[in-house]
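Structure, as structure tokens:
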Amino acid sequence: MIDYILAAIVAVLLIAGALFALSAAIGLVRLPDLYTRMHAASKVGTVGSGLLLLAAGLYSQELAVLARAIAGFVFLLLTAPVSAHLLARAAHLCGYALGAVSVRDDMRKR
């Protein structure tokens, strides 16, 4: 019985992670400029990857593997948004223009 419950939890995590990864991929293709694409890749991609890691850790049924999966998820949560912010800042300082739909540039020098 516990195996079925674990399999159901892993299946839900896999499907949720795959849907988040799919929405990140769609965001990379459909969004208008570098900044919004980077937002989709860093935020949604991080959650999708984390859910997939957690599913793999639970499926292994080993505490060491689960601990590594959780550590990887925490590492992704800490590093991906920071690196995306720094890359977007570097792109802005190099003069990469905002998309036409952007209404405000908070980093613009006044």
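Positions are given from 1 along the sequence.
Ala40 approaches Gly27 most closely through the heavy-atom pair CB-CA, 4.2 Å. A pairwise comparison of heavy atoms in Ser42 and Ala84 identifies CB-CB, 3.4 Å as the closest pair. The minimum heavy-atom distance linking Pro32 with Val101 is given by the pair CG-CG2, 3.7 Å.
Side-chain atoms of Tyr96 do not come within 3.5 Å of backbone N or O of Tyr35 as any donor-acceptor pair. Side chain of Asp33 to backbone of Thr36: a donor-acceptor contact under 3.5 angstrom is found.
In this structure, Leu6 is a member of the same hydrophobic cluster as Leu13, with clusters built from ILVMFWY side-chain heavy atoms closer than 4.5 Å. Residues Leu53 and Leu51 are members of separate hydrophobic clusters, defined by side-chain heavy-atom contacts under 4.5 angstrom among Ile, Leu, Val, Met, Phe, Trp and Tyr. Cluster annotation: Leu34 and Leu31 are assigned to distinct hydrophobic clusters (Ile/Leu/Val/Met/Phe/Trp/Tyr, side-chain heavy-atom contacts under 4.5 Å, transitive). When the side chains of ILVMFWY residues are joined at heavy-atom separations under 4.5 Å, either directly or via intervening members, Leu77 and Leu54 end up in two distinct hydrophobic clusters. A single hydrophobic cluster is seen to contain both Val47 and Ile70, as judged by linkage of ILVMFWY side chains at heavy-atom distances under 4.5 Å, directly or through other members.
Separating the CD atom in Gln61 from the CG atom in Asp3 is a distance of 6.0 Å, to the nearest 0.5 Å. To the nearest 0.5 Å, atom OG of residue Ser83 and atom CG of residue Leu76 are 9.5 Å apart. A distance of 7.0 Å separates CD1 of Ile5 from CD1 of Ile9, quoted to the nearest 0.5 Å. Atom CD1 of Ile26 and atom CG of Leu19 lie 9.5 Å apart (nearest 0.5 Å). From Leu58, atom CG reaches atom CG of Leu14 across 9.5 Å, with rounding to the nearest 0.5 Å. Note that CE of Met38 and CG of Leu28 are 10.0 Å apart. Values are rounded to the nearest 0.5 Å.
Among residues two or more places apart in sequence or in another chain, the side chain to side chain contact (heavy atoms under 4.5 Å, CB included) test is passed with Pro81 by Lys43.
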